[in-house]
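These numbers were taken from a predicted model, which means no experiment stands behind them. Heavy atoms only: backbone and side chains are in, while hydrogens, waters and symmetry mates are out. Residue numbering restarts at 1 for every chain, and letters A, B, ... go by the order of the sequence lines.
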Protein chains: 2
Amino acid sequence: MADNKVGKTVKEMDYVSDEELADLADLFKIFSDSTRVRIIHSLFKNEMNVQEIADTLGMQQSAISHQLRILRQSNLVKTKRNGKTIIYKLADDHVYTIFEQGLEHITE
Amino acid sequence: MADNKVGKTVKEMDYVSDEELADLADLFKIFSDSTRVRIIHSLFKNEMNVQEIADTLGMQQSAISHQLRILRQSNLVKTKRNGKTIIYKLADDHVYTIFEQGLEHITE
DNA sequence: ACCTCATATGAACACTTGTTCATATAAATA
DNA sequence: TATTTATATGAACAAGTGTTCATATGAGGT
């Protein structure tokens with residue numbers, strides 16, 4: 001801790017394995033596409049079905065569906081059925097914090 | 001705020017422009033490569049010159065130098081000269097917080 | 001001033017990624 | 001059960017990315 005140049009820690013950052021660091025990179029890779037970022041951001045306010053998301057972003061249903069699959073596989077979104085449509089919502093609010101930190105870095 | 005599904009905010013997440021969201025994606029894109037993540041992580045402990053980083057990661061000097069250029073252009077690392085070598089250090093400790101949040105998400 | 005050597009750069013390559021278009025799938029409702 | 005329709009999927013393509021190899025650059029030390 002004493003030789004830690006960047007100050008206090010919440011989770012200790014020493015001794016993180018290369019595998020964990022690779023997983024970390026994979027997580028950030030999901031946030032590295034603006035379509036996915038816009039999808040996530042739009043889900044902060046309301047849960048939505050696929051077509052609503054597509055309409056909100058002004059993109060094709062297929063493109064959105066492909067991206068939703070990636071978000072699903074990473075357990076970042078959850079789904080539930082409502083009649084004929086499938087409604088997407090964020091899996092947890094961890095992403096919110098990560099986005100906040102990122103935005104703070106950008107707008108400084 | 002009342003209709004915010006994910007709870008309290010530090011920085012308000014409503015009304016973020018598409019341009020800001022694109023910038024956010026670009027920031028995460030930098031963290032989406034495991035080499036860059038490993039470089040950043042190794043700089044948490046000590047500042048290092050290019051060859052030291054390459055040796056630490058077991059990679060070629062050229063590969064590291066290419067990645068350091070990306071980190072430099074994003075103002076994530078700073079350089080100073082020490083004799084013949086150029087020493088890299090993190091520009092600020094914002095990255096540390098972002099990494100922590102990411103690691104917490106992974107290890108939960 | 002001239003080497004030396006650490007770092008930076010450019011071209012080439014294989015690999016990955018996001019979108020579109022066309023179509024398959026499957027649950028709902030008549 | 002048949003039909004409808006929202007969503008998912010696969011192939012194809014263009015664009016982007018990270019590494020290697022070879023070489024340029026330029027500041028340091030003599």
Side-chain angles (χ1 to χ4, degrees), chain A residues 18 21-43 46-91, chain B residues 18 21-43 46-91:
Chain A
D18 280 353
L21 292 176
D23 290 342
L24 189 59
D26 287 340
L27 174 66
F28 288 133
K29 186 172 292 173
I30 295 169
F31 303 141
S32 73
D33 175 70
S34 73
T35 298
R36 287 193 291 272
V37 165
R38 291 174 71 213
I39 291 175
I40 291 170
H41 174 255
S42 70
L43 293 179
N46 318 298
E47 52 186 36
M48 287 192 272
N49 66 47
V50 178
Q51 192 56 56
E52 285 171 337
I53 298 172
D55 291 343
T56 301
L57 305 203
M59 293 181 65
Q60 289 194 189
Q61 175 269 326
S62 177
I64 298 302
S65 190
H66 278 296
Q67 298 303 338
L68 284 173
R69 184 160 62 94
I70 294 173
L71 295 175
R72 230 185 304 126
Q73 288 172 341
S74 314
N75 297 313
L76 289 168
V77 298
K78 283 187 299 192
T79 62
K80 71 181 175 193
R81 178 170 281 277
N82 181 317
K84 282 195 162 183
T85 69
I86 292 179
I87 298 188
Y88 279 79
K89 57 149 76 173
L90 293 180
Chain B
D18 280 355
L21 292 175
D23 289 343
L24 188 59
D26 286 342
L27 174 65
F28 288 133
K29 185 172 292 174
I30 295 169
F31 302 141
S32 72
D33 175 70
S34 72
T35 298
R36 287 192 292 271
V37 165
R38 292 173 71 213
I39 290 175
I40 291 169
H41 174 256
S42 71
L43 293 180
N46 320 297
E47 52 185 37
M48 287 193 272
N49 66 46
V50 179
Q51 192 55 56
E52 285 171 338
I53 298 173
D55 291 343
T56 300
L57 305 203
M59 292 182 63
Q60 289 196 188
Q61 174 269 324
S62 177
I64 298 302
S65 191
H66 277 296
Q67 297 303 339
L68 285 173
R69 184 160 62 96
I70 294 172
L71 295 174
R72 230 185 304 126
Q73 288 171 341
S74 314
N75 296 313
L76 290 167
V77 297
K78 283 185 298 190
T79 61
K80 70 181 175 192
R81 179 171 281 278
N82 181 319
K84 281 196 163 184
T85 70
I86 292 178
I87 298 187
Y88 278 79
K89 56 149 76 174
L90 294 179

- Message: As an exercise, state the distance from NE2 of A/H66 to CD of A/Q61, rounded to the nearest 0.5 Å.
- Response: 8.5 Å
- Message: Can you work out whether A/A63 or A/K84 has the more 5'-proximal nearest nucleotide on DNA chain C?
- Response: A/A63
- Query: Base, sugar-phosphate, or nothing for A/T85, non-hydrogen atoms under 4.0 angstrom?
  - Reply: sugar-phosphate
- Which one of A/M48, A/E52, A/K78, A/R72 satisfies the side chain to side chain contact (heavy atoms under 4.5 Å, CB included) criterion with A/Y88? A/R72
- Query: Counting just side-chain N and O atoms, does B/Q60 come under 4.0 Å of either OP1 or OP2 of D/dT19?
  - Reply: no
- Task: Apply side-chain contact (heavy atoms from CB on, under 4.5 Å) to the pair B/I30 and B/R36, showing each step before the final yes or no.
- Result: CA-CA 7 Å; B/I30 295 169; B/R36 287 192 292 271; 4.1 Å; yes
- Task: Would you indicate, yes or no, if C/dT9 has its OP1 or OP2 atom less than 4.0 angstrom from a side-chain nitrogen or oxygen of B/S65?
- Result: no
- Message: Between A/R81 and C/dA26, is there a contact of a side-chain N or O with OP1 or OP2 at under 4.0 Å?
- Response: no
- Within the pair A/Q67 and C/dT19, is there a side-chain N or O less than 4.0 Å away from OP1 or OP2? yes
- Would you indicate, yes or no, if D/dA8 has its OP1 or OP2 atom less than 4.0 angstrom from a side-chain nitrogen or oxygen of A/R72? yes
- Intermediate values then yes/no, side-chain contact (heavy atoms from CB on, under 4.5 Å), B/V77 and B/K89: CA-CA 5 Å; B/V77 297; B/K89 56 149 76 174; over 6 Å; no
- Does B/H66 stack onto the base of C/dT9, taking stacking as ring centres under 5.5 Å apart and planes under 30° apart? yes
- Item | Rounded distance in Å - NZ (A/K80) to P (C/dA28) | 15 Å
- Check the distance between D/dT5's P and A/I86's CD1 and give it to me in whole angstrom. 17 Å
- Task: Using atom CD1 of B/I64 as one end and atom P of D/dG18 as the other, report the distance to the nearest whole Å.
- Result: 12 Å
- In whole angstrom, give the distance that lies between atom CZ of A/R69 and atom C1' of C/dT19. 13 Å
- Message: With side chain to side chain contact (heavy atoms under 4.5 Å, CB included) as the test, pick out the partner of B/L57 among B/R38, B/H41, B/Q67.
- Response: B/R38
- Please give, in whole Å, the distance from D/dG18 P to B/L57 CG? 15 Å
- Message: Can you measure B/Q51 atom CD to C/dC5 atom C1' for me and round it to whole angstrom units?
- Response: 11 Å
- So, is B/Y88 close to the C/dA6 phosphate, meaning a side-chain N or O under 4.0 Å from OP1 or OP2? no
- Message: How many whole angstroms separate atom CD of B/Q73 from atom P of D/dT17?
- Response: 12 Å
- Message: Considering every strand and a 4.0 Å limit on heavy-atom distances, what is the contact class for B/Q61: base, sugar-phosphate, or nothing?
- Response: base
- So does B/S62 reach the base of D/dT19 with its side chain, donor to acceptor, closer than 3.5 Å? no
- Message: In this structure, how many angstroms lie between the C1' atom of C/dA28 and the CD1 atom of A/I87, rounded?
- Response: 14 Å
